[in-house]
Every structure is written in C-alpha cells, then in structure tokens.
Amino acid sequence: MSKSETESVDFVRQIITEDIANKKNGGAVVTRFPPEPNGYLHIGHAKSICLNFGIANDFDGVCHLRFDDTNPEKEDVEYVESIKEDVRWLGFDWGENQFFASDYFEQIYLWAIKMIEEGKAYVCDLTTEEVREYRAGWNKEGKDSPYRDRSVEENLDLFQRMKDGEFKDGEKSLRAKIDMSSPNMNLRDPAMYRIRHQHHHRTGDKWCIYPTYDWTHGQSDSLEKITHSICTLEFENHRPLYDWYIEALGIHHPQQIEFARLNLTHTVMSKRKLLELVQGNYVSGWDDPRMPTISGMRRRGYPAVAIREFCAHIGVTKFNGMTDLALLELYVRNNLNKTANRAMAILDPLKVVIENYDEGKSEMRKAVNNPEDESAGIREMPFSRELYIEREDFMEDPPKKFFRMAPGREVRLKNGFFLKCNDVIKDDDGKVVELRCTYDPETAGGKAPDGRKPSGTIHWVSAAHAIDAEVRVYNVLFEKEKADDVPEGVDWKETINPESLVVMKNAKLEPSLADAAPGACYQFERLGYFCVDNQDSSAGSLVFNRTASLRDNKKKK
RNA sequence: UGAGGAGUCGUCUAACGGUCAAGACACGACACUUUGAAUGUCGCUAUGUCGGUUCGAUUCCGGCCUCCUCAUCCA
C-alpha cells in the first residue's frame with residue numbers, strides 16, 4: 001500500500017511525526033488494534049484498523065493485533081476467528097504480532113503483587129453497590145473504603161487466597177489506592193482484579209481472578225513496546241489512570257491518543273445493539289448484508305478496497321459527528337463501476353412477444369462486458385421471439401418524462417433492436433401480463449437507418465434462454481438518518497425499515513451468469529451492483545444480493 | 001451541581017496568525033450518452049456567541065451557549 005496521498009494529515013499522524021522528529025522511542029512506531037473478542041467487527045472497527053495499520057505502514061512501523069480478552073463472560077473463540085478473518089480480508093497483515101491480553105495474566109498478576117507490596121493496592125470487601133456509594137457523586141467527595149488500610153501482609157495473604165479460589169464471585173476485589181476525592185471518577189480507587197469463577201476461552205480454568213481493562217490495557221501496551229496507543233474518545237477520562245498505572249510500575253510508557261469513533265447514518269453501531277438485532281432475529285446473523293459489520297459488508301459485495309478508501313477519506317479528528325452512508329456507497333460504486341462486468345437481469349419479469357420474429361429462431365447479440373475496461377472483452381447473449389423486460393419499464397399511461405416502453409412507443413433494447421409495443425394483454429384482474437410487439441431488423445446496430453431516435457433504452461433477457469435466480473434487494477436498515485433517535489417509550493428496533501430486504505424470487509438472468517462464482521460482483525445494467533451470495537447460492541439455484549443501486553437521477557415526478 | 005473533550009457549508013474534512021475560508025459527498029441545473037449509470041461543465045446561504053490580544057484571528061486568551069463522555073468488580 002502506498003503512503004497517504006492527501007497533503008494534509010490527521011492530528012494523530014502529526015503527533016507521531018513530531019515524536020519521530022524528537023527521537024521519542026528512538027523514532028520507532030508501534031501501534032496496535034485491540035478488539036475484545038465478544039462480537040463481530042463493524043465498519044467503526046475498520047476505521048480504527050485502517051488508522052493503526054495505516055500509521056504503521058506510513059511510518060515504517062508495525063501494528064499488532066491484540067485480543068483484549070480480560071472478561072471471559074462475554075468472550076469466545078468464534079469471535080477471535082471472525083476478527084482475524086475480517087482484518088485479513090480488509091487487507092492488513094499483523095505478521096507474527098498476534099497477542100492476547102491473557103498471555104500477560106501472569107506478569108500482570110506479579111505486577112499486582114508489586115503494587116500491594118508498595119502500598120498502592122489493597123484487597124477490598126465492599127460489594128459493588130457499596131463501592132458505588134463510597135465513590136459518591138460527581139460533585140461530592142468519595143469516602144475511603146474501611147479496608148483501605150489493611151497491612152501489606154494481610155493484602156498479600158488475601159490476594160493469594162482470592163487467586164486460590166477461596167472466595168465467591170464479587171466477595172472481594174483488588175483495588176488501586178489512588179484518591180477517593182478525585183474529580184475523575186476513574187481515580188477513586190478503581191478495581192484491578194475481580195473474582196470470576198469462569199472458564200476462559202484460552203486460559204481455561206487456570207484463573208478465577210481476572211484483571212480489569214484499566215489494569216490490563218496499558219500494561220499490555222507497555223509489554224509490547226507500543227509507542228502510540230490509539231483509542232476512541234470515551235477513554236479520554238481513563239488516560240490519567242492509564243498513565244498512573246504505568247508510572248506506578250515504572251515501565252515503558254506508551255502515549256494514549258483518542259479520536260472520534262465512526263457514526264454512520266441509517267444504521268446502528270454499538271455491539272450491544274448489533275447483538276440485539278442478531279439474537280432477536282431482526283437480521284439473519286452477524287453477516288446479514290444489512291449489518292454494518294465487516295462480514296455483512298463482505299457478503300453484501302462491498303470491496304475491501306472501497307472500505308479502505310472510505311476510511312482514508314473520512315478523516316480522523318476529535319469531533320463526534322455522523323458520516324453519511326452515501327459516502328461509503330460512493331466508494332463502493334466507484335470501485336465496482338471500474339471492475340464489475342455488466343450483465344442483463346430482470347428482477348420483475350414482464351413477457352414480450354415479438355410478433356414479427358420467427359418462432360423457434362434465435363440469434364446471438366454481442367455485448368460489451370465493461371465499458372470502463374476494454375480488456376474485459378465482450379460476450380454474446382441470445383435473442384429470440386419471446387423476451388422478458390422489467391415490469392417497471394412499461395407504463396400504459398406514462399408521464400412526460402418516462403423514457404421507457406408504452407403502448408405505441410418504440411424503445412431500444414440494449415445490444416439488440418428497436419422494439420415497438422402494439423398491444424397490451426391483461427388478465428382478468430386487469431394486470432398487464434404480456435406485451436405484443438414488433439421489432440425492426442434494420443436497427444441491429446442500435447441505430448435506425450432513417451436516424452429516428454427511440455424513446456429510451458431498456459434491458460432484456462431471452463425468455464427461452466434465461467436462467468432463474470433469487471435476487472435479494474437490500475435497502476437501508478433504518479430509514480431515519482439517526483437510526484436510534486426514537487421518541488420516548490419507543491423501542492429503537494421498531495423503526496427498522498420494513499423494506500430493508502425485498503426478495504425477488506422470479507428473477508430472470510442472461511445465461512452467461514449460470515456459472516457465476518460465490519462472491520462475484522456484476523453490474524446488472526440499469527439496476528445496480530449485485531454479487532453472488534456467499535452462503536445460500538449454488539450452481540442450480542443462484543442467489544444474488546444487491547450491493548448498491550445505481551445512482552438514480554430520475555426526476556421525482 | 002464536578003471533571004474531561006468538542007463546536008467551520010446540509011454532511012465529513014482542510015486552512016496551524018496573513019490573498020476571494022478550500023475539497024469531497026449530498027443537493028440542483030445543463031451537456032453528452034445504446035445503462036435516466038458513468039463522464040463533463042456550472043451552481044450551492046459555513047468559522048456557535050460575546051469580548052480581548054494583534055496592523056491582521058477559523059487559528060491565541062477569557063466569559064457564555066450547545067453537544068459528547070464519565071459515578072460497571074464491561075471494554
């Protein structure tokens with residue numbers, strides 16, 4: 001990957017540039033992407049991944065992948081595997097630098113003992129509720145725990161017994177002795193260890209005490225010789241604690257830098273909410289193409305490079321904003337426009353019979369695979385007496401700016417001939433079921449010898465040669481830009497767009513699509529970009545997902 | 001009510017004391033077009049607010065306003 005091509009650089013890179021100039025850390029740059037394996041990665045993580053790995057790349061440093069697995073309750077290997085797959089798919093390589101916070105449990109435990117010995121930590125018997133009370137409110141000073149002044153010997157003994165499993169969950173905790181009257185709540189004797197008789201996905205049953213995030217993260221950074229520990233804004237208030245632990249231990253001191261997390265319109269981004277969508281079956285899973293997850297976007301057909309470009313262009317600041325989904329779609333379309341081969345597909349078929357075309361006859365028409373890429377070559381597609389066109393492309397009583405088919409009108413069949421509609425056949429309910437048309441064999445090149453212009457150009461598929469497919473048309477998950485901005489008492493999930501998924505079961509595709517491979521992307525002409533679903537599609541029964549619609553400049557009537 | 005952050009076009013960013021505050025997206029208009037796509041041209045109401053420092057402030061300082069985060073033995 002090349003260096004950043006924009007002239008202006010974000011504030012994080014500015015800080016790092018200065019640090020290098022000042023020979024801080026000997027000029028080295030080591031970053032890390034530290035997900036907790038308790039869910040699937042989403043586009044917000046992609047921003048962090050691109051930032052951390054991107055910085056390592058820009059400054060000839062390295063970026064570690066570290067699993068922040070300090071809370072066995074919610075964590076699982078399933079998530080570890082999905083995270084690795086997603087980071088790799090996004091195009092980043094951590095090489096040998098894969099770590100787990102749980103790799104450091106022993107060292108962190110030893111450091112805890114050191115803290116006790118130096119009188120900087122104590123075992124506390126207060127319950128969660130009591131701790132909350134002792135901490136008091138924002139404008140009040142907290143009260144010292146009655147256990148705060150236990151002797152080093154007693155603390156050492158108690159901590160050992162905590163580790164040995166003598167106590168029940170929540171019965172005791174190890175706390176840092178800092179300042180119960182600090183205006184920063186994080187400094188009011190924060191917990192370092194809690195008792196959890198829980199099986200850990202990596203350390204098994206070795207431990208029944210687990211270090212907290214605050215007591216683990218900075219130390220892990222330090223052990224890995226991280227130079228810049230980049231995290232999101234909500235950890236700003238934790239930085240004093242991060243620094244306090246590192247200073248208390250007297251170890252390598254990485255610099256924590258906070259940036260604003262990504263918010264996208266028309267979707268939700270919190271792990272809790274995404275989990276709710278999955279568990280409540282509002283979506284088919286973490287990789288549902290409507291999900292803002294990396295796996296969902298991959299399944300939807302978003303190219304990894306488009307996501308990277310998006311992340312590179314949204315910038316990195318401390319301003320908490322809301323980025324328009326349209327910007328992500330822009331990069332998706334731009335990439336696909338250049339790379340996706342064109343194909344003809346009819347989502348909602350309407351039969352057309354060409355009365356002056358011989359029954360049983362057929363011919364092959366040439367079609368350009370990608371007008372943006374000559375090397376993509378051309379293909380042939382069959383043309384015959386009976387075709388399917390898009391039901392939307394016909395109107396019995398069209399408004400002025402309708403550039404498509406209507407009674408008495410002539411349109412151009414893309415890569416085919418001019419076609420004129422003479423008759424409309426309806427069923428008993430008055431629904432149009434068939435169009436009787438004639439074609440002009442003189443217009444084979446798409447142009448009429450007499451120079452007349454058709455009212456528009458539409459796509460089509462030969463009925464006899466078409467292959468069937470299911471096409472899943474995806475729309476925004478939430479119609480509102482601020483997805484979870486719901487009125488009092490309304491469940492945010494109630495505002496899910498009922499048309500976020502529209503399944504077209506009778507789609508008709510041109511025959512060349514028969515052997516489309518899972519994941520392959522096409523532009524269905526005039527409709528949008530579609531990819532073969534990577535889960536439910538098979539050779540016999542194809543399933544396509546709509547990745548994105550084409551930009552639509554149709555006048556809103 | 002405490003602490004820590006943040007406020008620039010509709011949106012996301014740029015300008016780091018010095019020309020008309022720039023770009024992208026979105027939106028709109030026109031041109032072109034065998035995709036109402038793509039492409040091209042044009043347009044598009046912004047520095048939260050009040051003071052101060054300065055020859056000069058988006059930029060530095062102070063007050064105010066608004067928004068975000070924090071009182072988990074979550075991360």
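Just so we're on the same page: letters track the sequence lines, and every chain starts at 1.
- For R551(A) and rG36(B), a side-chain-to-base donor-acceptor distance below 3.5 Å is absent, hydrogens and geometry of angles not being considered.
- Distances shown here put a side-chain N or O of T317(A) below 4.0 Å from the OP1 or OP2 atom of rU13(B).
- L233(A) places its CG atom 12 Å from the C1' atom of rC67(B), with the value rounded to the nearest Å.
- The side-chain heavy atoms of W215(A) and Q219(A), taken from C-beta on, include a pair separated by under 4.5 Å.
- Residue contacts for G137(A): at a heavy-atom cut-off of 4.0 Å it reaches a base atom on one of the strands shown.
- Counting non-hydrogen atoms under 4.0 angstrom, N184(A) reaches nothing in the nucleic acid.
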Would you please test R261(A) and E234(A) for salt bridge (Lys or Arg N to Asp or Glu O under 4.0 Å) and show each step?
CA-CA 9 Å; R261(A) 69 181 333 140; E234(A) 64 269 30; 2.7 Å; yes
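- Between the CZ atom of R333(A) and the C1' atom of rU35(B) there is a distance of 14 Å, given to the nearest Å.
- As rounded to whole Å, 18 Å separates atom C1' of rG4(B) from atom OH of Y242(A).
- Ionic pairing of R150(A) and D125(A) is present here: one or more N-O contacts between side-chain nitrogen and carboxylate oxygen are shorter than 4.0 angstrom.
- Atom CD of E309(A) is separated from atom P of rG23(B) by 21 Å (rounded to the nearest Å).
- Atom-to-atom, CG of L187(A) to C1' of rA71(B) comes out at 13 Å; the value is rounded to the nearest Å.
- If you check every strand for non-hydrogen atoms under 4.0 Å, Q14(A) touches a base.
- Closest-nucleotide positions on RNA chain B for R404(A) and F11(A) were compared, and the one nearer the 5' end corresponds to F11(A).
- Distances from the side chain of R135(A) to the nucleotides rC73(B), rA38(B), rG2(B) place rC73(B) closest.
- Heavy-atom nearest nucleotides on RNA chain B were determined for L327(A) and for I314(A), and the one closer to the 5' end corresponds to I314(A).
- For W138(A) and rG2(B), the ring-to-base geometry satisfies the stacking test (centroid distance below 5.5 Å, interplanar angle below 30°).
- In terms of phosphate contacts, R342(A) brings no side-chain nitrogen or oxygen within less than 4.0 Å of OP1 or OP2 of rA37(B).
- Between D393(A) atom CG and rG36(B) atom P there is a gap of 8 Å when expressed in whole angstrom units.
- Closest approach to the S173(A) side chain among rA38(B), rC74(B), rC73(B) is made by rC73(B) (side chain taken as heavy atoms from C-beta onward).
- Here the side chain of Y331(A) is nearest to one of rC12(B), rA24(B), rC74(B), namely rA24(B).
- No donor-acceptor contact under 3.5 Å links the side chain of R132(A) to the base of rU72(B).
- The CD atom of E234(A) sits 15 Å away from the P atom of rA6(B) (whole-angstrom rounding).
- Base contact: P371(A) has a heavy atom under 4.0 Å from a base atom.
- Comparing rC12(B), rA75(B), rG36(B) against the side chain of F402(A) picks out rG36(B) as the nearest.
- Between the side chain of N263(A) and the backbone N or O of G321(A), at least one donor-acceptor pair lies under 3.5 Å.
- Residue N237(A) places its side chain closer to rG4(B) than to any other of rC74(B), rG7(B), rG4(B).
- Look at N553(A) and you'll find a side-chain N or O under 4.0 angstrom from OP1 or OP2 of rA37(B).
- Between the base of rU11(B) and the side chain of E481(A) there is no donor-acceptor pair shorter than 3.5 Å.
- In this structure, R194(A) reaches the rC74(B) phosphate: one of its side-chain N or O atoms is under 4.0 Å from OP1 or OP2.
- Among the nucleotides rC68(B), rU8(B), rA3(B), the one closest to the side chain of N320(A) is rC68(B).
- Distances shorter than 4.0 Å separate some side-chain N or O of T70(A) from OP1 or OP2 on rA75(B).
- Considering every non-hydrogen atom in both A406(A) and C421(A), the closest pair reads O-CB, 3.6 Å.
- For the pair R526(A) and rG36(B), the criterion of a side-chain N or O lying under 4.0 Å from OP1 or OP2 is met.
- When each of rG5(B), rU13(B), rA75(B) is scored by its nearest atom to the side-chain atoms of F319(A), the top-ranked nucleotide is rU13(B).
- Inspection of the E309(A) and Y331(A) side chains reveals no N or O donor paired with an N or O acceptor under 3.5 Å.
- Using a 4.0 Å cut-off, no side-chain N or O of R261(A) falls inside it from OP1 or OP2 of rA75(B).
- Going from atom CG of L330(A) over to atom C1' of rA26(B) covers 10 Å, rounded to whole Å.
- Between Y529(A) and Y522(A) there is no side-chain heavy-atom pair separated by less than 4.5 Å.
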